Amino acid sequence: MRLSILLPLPLGPLSYLAPEGAPLPPRPGLRVAVPFRKGMRVGVVVEVEDAAEGDFALRHAIGYLDAEPFLDEAGLAFLMRAAEHYFAPPGQLLADLVPFLEPPLHHEVRLVDGAVRPGLPQLALWRDAAELDPALLDELREGGVLEERVRALKPTRKTLVPLREPTEKLTPKQRAALETLRALGEAESQTALAAAAGVGPGVVRALVDKGYAGWREVELELAAPPPAGSPIRPLPVPEPPTRVSGGRHAERLQLAAGLAREGETLVLFPERYALERAYDRWPPPVLPFHGGQSPDLRRALWREAAPVVLGSYQALLMPRRWKRIVVMDEGSDSYKLASGSRAHAVRLAELRAEMLGAELHYLSLTPAVEVVEKPGLLVRPPRTRVLPIDLRRERGWPLTGRAVELLAQVPEKGRQALVLVARRGYSGRLFCKSCDWQPVCSNCDLPLRFHKPGRRGRLVCHQCGHSEPAPEVCPVCGGEVFGYAGPGVQWVAEEVRRRVPSLPVYQYSAERKDDLSPLQRGEVGVVVGTTALLRTPAPPELALVLLPYAEGFLPASDFRAPERYHRLLWQLADLHPSRSPLLALQTFEPDHPAVEALIEGDVTSVPETELVLRRMLGYPPAVRMVVLEFSHRQEATARAAAMEAAEFLKKRIGPEPEAAEPADPAGAPAPLLGPAPAPVPRVRGRYVFHLILRSHDPAQLAAWLRDLPAPKGARLRLDPDPVGFVGLLED
DNA sequence: AGCACGCCGACT
DNA sequence: GTCGGCGTGCTC
């Protein structure tokens, strides 16, 4: 018997012979341990075939880890189809979607009966394979004299337990600590026991050293913690449409719970914070499933019965026959997988639903351009109070006089404010005031960002992480005066402190997360932060949300920028569960369509306009687009590889069609663009060139890309579903 | 993805 | 004369 096995690696299925002496017949979907290279890996059986000629050369799989398939037939079929759709090896999708596939293993071996192996008499009995040389194991395996068994280890945790009765030799404090431990039964850590017994940590350590207490491995009971909040009331919609837009956050949860009421439902979330916030208020029974849970927990919950799963993309392959999949906030950037296959979880959910015959629903405040034309239901969006502050007229930078007045009212009225800045650190650029020199990253074609903590501050590349102390004098002209441009969190926070001294200022960004609990308790204050702030609960007395430079959230190089800007603004309007804080936008473009839509309370017009525009320009979703990214340390190598691929593709595509027919102005977008240097031409010391391939017909795209020759020298990476070009640069 | 194999520069 | 850089190819 021969097995086709998919490992969580960027490879297609590999062939192995079925494990010898396995108690089960092979079945697709079972997890199986296999020898791979010098070690052992866990994969999934995708196909079972009869052995064929030449199979004697194959290696034997070691053993199954499951009694019931880990992936069901529908899941396997979906996996293969998703791989095809994303031009990725199926193993890559498996690795992306089930990163917790491989449990810690217990692997034992012995020699088969009668096999004699001089020098290894101890191998007649089962022995832990970890104690043996992998090369020897492989040799014995090849020789056909090795028996193996493997199973997943039960998850355990370590706990401190009493080992002996107290004796006279103990000091009073040690005796007290031991008595405490005996009363508790166990303790999480030495420190925890010391705290519980009211003694110093040294006392507990002495107990452990003397053998009165010690560590035990106990089986870990795995369950998701129960929801923490009061459950919402589901709001069923009769004959729900594909798309539901608008509403307040809590209303959308009620609608989602209404959609899930009949069970067999996956509710898909873009990120952990949103999921946990929903889980806390979801009416039970419900199961959360996301990457914040330990791999052990995810493996334990994988088959747990629950009518409703609130999941991240990692729940997409769970072996269930969903009747309904509800995609929450389908326009969120977080759905895009940043590495590996770079798949898009919403597209994956669509494929999964289609293959299962499940109903698919999108539920968001602002519909994504991709879904805005689907039959929809509009719920009244939150009320907005918007104050555009025109930077072309108002004086003051980075805070206008108007903004300072608003901030000053916050302490007067005993309220709270958020100030949202697009950049962390102090400033996006630093320059010499006399010669205009500016520091750039040595690995990337990007200016170094200035971060202020410390006397001199540091220069940091936000792309590659390179960091160096900021110079005291200009290295070119020796000038001592520096200028700054592009205010970041630190600069704005400093400015708020200076202009409104009575207002307590907190900072919140990836690099500095102040404790916001005083604000949560209702104390007066302002938080200056990046969009990381959107992943914290809104302060209860929130009265003002200020964007000192709203366009900072509108990067020019990205065709999705207006859509994202619009979504962000609406998200701000929906931050607080009941209040409508004043949204003050300092901007050079106070009449931007996104701002106008916000003022008018319109959540669909911007995506609708964008859709028209994308059709005209031949951008997704009007076409399927794939970006090919060629990179190499040598610019010429990267460019040559891109050019060569371009030539190959040009031949494949054939002669350009004559000018698009007049009746169809959006007719045929140029199928191939580039090669062109990437928006950031050099990243981490590698030059990057882009080719863009697009077509109305995805099958056509696949045909063009089939057997694309591997580039010479350069590395080729494919973005099969580009969502903004910035993502291409990340690893 | 990892890992080995293989071919050209700075060194005990 | 070797160590080691990463470019290339393979994994059953």
Side-chain angles (χ1 to χ4, degrees), chain A residues 1-20 22 26 28 30-65 79-80 83 86-102 133-135 137-144 146 148 150 295 337-343 443 629-642 644-645 683-688 707-720 730-731:
Chain A
M1 205 71 97
R2 166 184 167 164
L3 307 179
S4 219
I5 293 171
L6 207 53
L7 297 177
L9 295 170
L11 301 173
L14 302 178
S15 300
Y16 286 85
L17 296 173
E20 287 184 319
L30 290 174
R31 278 179 308 170
V32 60
V34 296
F36 184 77
R37 304 215 164 224
K38 281 186 176 161
M40 185 171 51
R41 295 295 299 252
V42 173
V44 176
V45 178
V46 290
E47 226 175 313
V48 181
E49 303 155 292
D50 287 330
E53 287 284 315
D55 280 358
F56 59 86
L58 296 177
R59 299 170 89 175
H60 274 99
I62 296 169
Y64 303 111
L65 302 184
L79 191 64
M80 301 315 256
Y86 278 117
F87 311 108
Q92 178 77 73
L93 263 294
L94 181 66
D96 287 353
L97 295 180
V98 198
F100 48 89
L101 179 79
E102 299 180 82
D133 176 16
L137 283 181
D138 215 42
E139 189 196 322
L140 295 173
R141 205 177 271 140
E142 289 290 302
L146 197 65
E148 304 183 74
V150 67
L337 308 197
S339 60
S341 64
R342 308 202 202 181
N443 309 318
E629 179 198 271
F630 298 83
S631 69
H632 193 265
R633 308 187 77 80
Q634 245 104 50
E635 188 179 9
T637 311
R639 180 190 283 116
E644 200 156 315
V683 179
R684 291 168 209 270
R686 299 177 72 94
Y687 289 87
V688 185
D707 309 317
L708 179 75
K712 288 200 192 75
R715 177 170 75 192
L716 165 60
R717 291 211 293 206
L718 211 98
D719 191 329
E730 285 151 17
D731 247 344

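Quick note on labels: first sequence line is chain A, next is B, and so on, each numbered from 1. Because the structure is a prediction, the values reported are computed rather than measured.
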Minimum-distance pair of heavy atoms, taken over all atoms of [X] and [Y]:
X        : Y        : answer
A/His632 : A/Gly713 : CD2-O, 3.6 Å
A/Gly91  : A/Leu6   : N-CD1, 3.7 Å
A/Leu101 : A/Gly43  : CD2-CA, 4.4 Å

Rounded to whole angstrom units, what separation is found between the [atom1] atom of [X] and the [atom2] atom of [N]?
X        : N     : atom1 : atom2 : answer
A/Arg342 : B/dA1 : CZ    : P     : 10 Å
A/Arg633 : C/dC6 : CZ    : C1'   : 9 Å
A/Glu102 : B/dA1 : CD    : P     : 16 Å
A/Lys712 : C/dC6 : NZ    : P     : 23 Å

Working to the nearest 0.5 angstrom, can you tell me the gap between A/Asp133 CG and A/Glu139 CD?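 The distance works out to 9.0 Å.
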So what does A/Gly340 touch, heavy atoms closer than 4.0 Å: a base, only the sugar-phosphate, or nothing?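 Touches nothing.
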Polar atom pairs between nucleotides 10-12 of chain C and protein, under 3.5 Å, N or O only, would you list them?
| residue | atom | partner | partner atom | Å |
| --- | --- | --- | --- | --- |
| C/dC10 | O2 | A/Arg37 | NH2 | 2.7 |
| C/dT11 | O2 | A/Arg37 | NH2 | 2.9 |
| C/dC12 | OP1 | A/Arg37 | N | 3.4 |
| C/dC12 | OP1 | A/Arg59 | NH1 | 3.3 |
| C/dC12 | O3' | A/Ser15 | O | 3.2 |
| C/dC12 | O3' | A/Arg59 | N | 3.3 |
| C/dC12 | O2 | A/Ser15 | N | 2.2 |
| C/dC12 | O2 | A/Ser15 | O | 3.1 |

Return the set of residues passing side-chain contact (heavy atoms from CB on, under 4.5 Å) with A/Leu14 (not counting sequence neighbours), or none when no residue passes.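 A/Leu14: side-chain contact (heavy atoms from CB on, under 4.5 Å) contacts with A/Leu7, A/Leu11, A/Tyr16, A/Phe36.
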Using only atom types and a distance under 3.5 Å, with no angle test, would you say the side chain of A/Asp96 pairs donor to acceptor with the backbone of A/Ser341?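 Flag set: sc A/Asp96 to bb A/Ser341 pair under 3.5 Å.
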